[in-house]
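See below for the structure under consideration.
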Amino acid sequence: MSRALLLRLIIAFFGLIFILLTLWAGSQYHLRFSITLVVMLAFALATFLAEIIIVIDNLEKRIKLSFPSLELSPAEQASVNETLSIYNRLKKQHSVVSTRIALLEFDNIHKMLKCAERGSDYIFHDIYLASMVLLGSLEPGQTFKVVSNLTKRFYWKTGKHGSEHSELNFRQARNGVIIERIFVLSTKSELGELAEIIEEQARAGIHVYYIFKESIENILPYASFAISEDLSSGIVSHREDILGKVTVTANSEWIIDLATRFDEIKAVSNVLSDQSG
């Protein structure tokens, strides 16, 4: 039963009671008919106003359902409306190959949002942004655990995303977020190349470890992953050759499994000899 129908039934019930009481009071106390009529008309007016409120409430809901962007901020509304305008224009140019590819990505975004709404896993195409959203959502005292294959200096020092990713790590560590990162290396030469990054992160208060891939192949079936048990959220990269493509999950069982794997890898990992702390 809808809220509007329930409210109408309540008004009808009390209206009937009110009319009967008014008629009874008129006969009991010998009220003039005009007074009785005015009282009943007053209640009828109140009922009419209540119905108007119900209609306005339903109209507001229908408007929001038809135009969901109205619930967004002005800046978000402008962005959504512009996106829809571009989408409509591109739909008319569906014969252009590049346009068709772009429209497929638009459809993928819709599917991704539906998966997120249901709490299902979905594919996201930017490992930096996904990691930054997860890390940036953490409060002081909460933990961010990472098994990372970003073992080249340029991953941390080059480009806008790399530098912003590094700065967010330092800022959250200063704010009291507990960051634990295990670098998975392929060769000893990678350790030399990464030493500067490891030392820099350690000085910022990040707990940094390293391990060679060959020693944990039976523990780590993924290229890398990042989790927050506090938020029951995780990001998993399945293949090293597709670095930007990650699975975003809120599956609690998978998060527990990843946390167990992290602890197992951490137990056999190493700390750089020059690392402070």
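Here the structure is a predicted model, which means the values were calculated and not measured.
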**Q.** Pair Ser215-Val268, side chain to side chain contact (heavy atoms under 4.5 Å, CB included): steps then yes or no
**A.** CA-CA 9 Å; Ser215 63; Val268 295; 5.6 Å; no
Taking the side chain as every heavy atom from C-beta outward, state whether [X] and [Y] have any pair of such atoms under 4.5 Å apart.
| X | Y | answer |
| --- | --- | --- |
| Glu82 | Ile86 | yes |
| Lys145 | Glu229 | yes |
| Phe183 | Val147 | no |
| Pro221 | Arg261 | yes |
| His238 | Thr247 | yes |
| Asp121 | Val248 | no |

For the residue pair [X] and [Y], what are the closest heavy atoms and their distance?
| X | Y | answer |
| --- | --- | --- |
| Tyr222 | Leu258 | CE1-CD2, 3.5 Å |
| Ala173 | Ile206 | CB-CG1, 3.9 Å |
| Leu168 | Met132 | CD2-O, 3.4 Å |
| Glu180 | Tyr209 | OE2-OH, 4.2 Å |
| Tyr210 | Leu185 | CD1-CD1, 3.9 Å |
| Val246 | Ser237 | CG1-CB, 4.0 Å |

Roughly how far, to the nearest 0.5 Å, is the [atom2] atom of [Y] from the [atom1] atom of [X]?
| X | Y | atom1 | atom2 | value |
| --- | --- | --- | --- | --- |
| Ser233 | Leu134 | OG | CG | 6.0 Å |
| Ser269 | Phe212 | OG | CZ | 11.0 Å |
| Ile216 | Ile211 | CD1 | CD1 | 6.0 Å |
| Tyr155 | Leu194 | OH | CG | 11.5 Å |
| Ser224 | Ile235 | OG | CD1 | 9.5 Å |
| Glu200 | Lys157 | CD | NZ | 3.0 Å |

Hey, which of Lys152, Arg203, Arg153 is the one that makes salt bridge (Lys or Arg N to Asp or Glu O under 4.0 Å) with Glu196?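 When Lys152, Arg203, Arg153 are each tested with Glu196, the salt bridge (Lys or Arg N to Asp or Glu O under 4.0 Å) holds only for Arg153.
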Side chain of [X], backbone of [Y]: donor and acceptor closer than 3.5 Å?
| X | Y | answer |
| --- | --- | --- |
| Gln142 | Glu139 | yes |
| Ser85 | Asn81 | yes |
| Glu76 | Ser73 | yes |
| Asp257 | Glu253 | no |
| Asp230 | Thr143 | yes |

Requested in this report: Check the pair Asp126, Lys245 against salt bridge (Lys or Arg N to Asp or Glu O under 4.0 Å), reporting the backbone distance first and the verdict last.
Outcome: CA-CA 6 Å; Asp126 194 317; Lys245 191 173 183 179; over 6 Å; no
Could you label the plane-to-plane angle of the His165 and Trp156 rings as parallel, tilted or perpendicular, counting under 30° as parallel and over 60° as perpendicular?
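If you compare the ring of His165 with that of Trp156, the planes turn out parallel.
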message = Applying the side-chain contact (heavy atoms from CB on, under 4.5 Å) criterion to Arg181, which one of Ile198, Ile197, Val146 satisfies it?
response =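 Among the candidates, only Val146 passes.
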Quick check: is [Y] connected to [X] through a chain of hydrophobic side chains (ILVMFWY, heavy atoms under 4.5 Å apart)?
| X | Y | value |
| --- | --- | --- |
| Val236 | Ile123 | no |
| Ile265 | Ile256 | no |
| Val133 | Phe144 | no |
| Ile178 | Ile255 | no |

Note to self: Walk me through whether Glu167 and Arg174 qualify under salt bridge (Lys or Arg N to Asp or Glu O under 4.0 Å).
What the structure shows: CA-CA 11 Å; Glu167 180 53 37; Arg174 289 194 299 269; 3.3 Å; yes
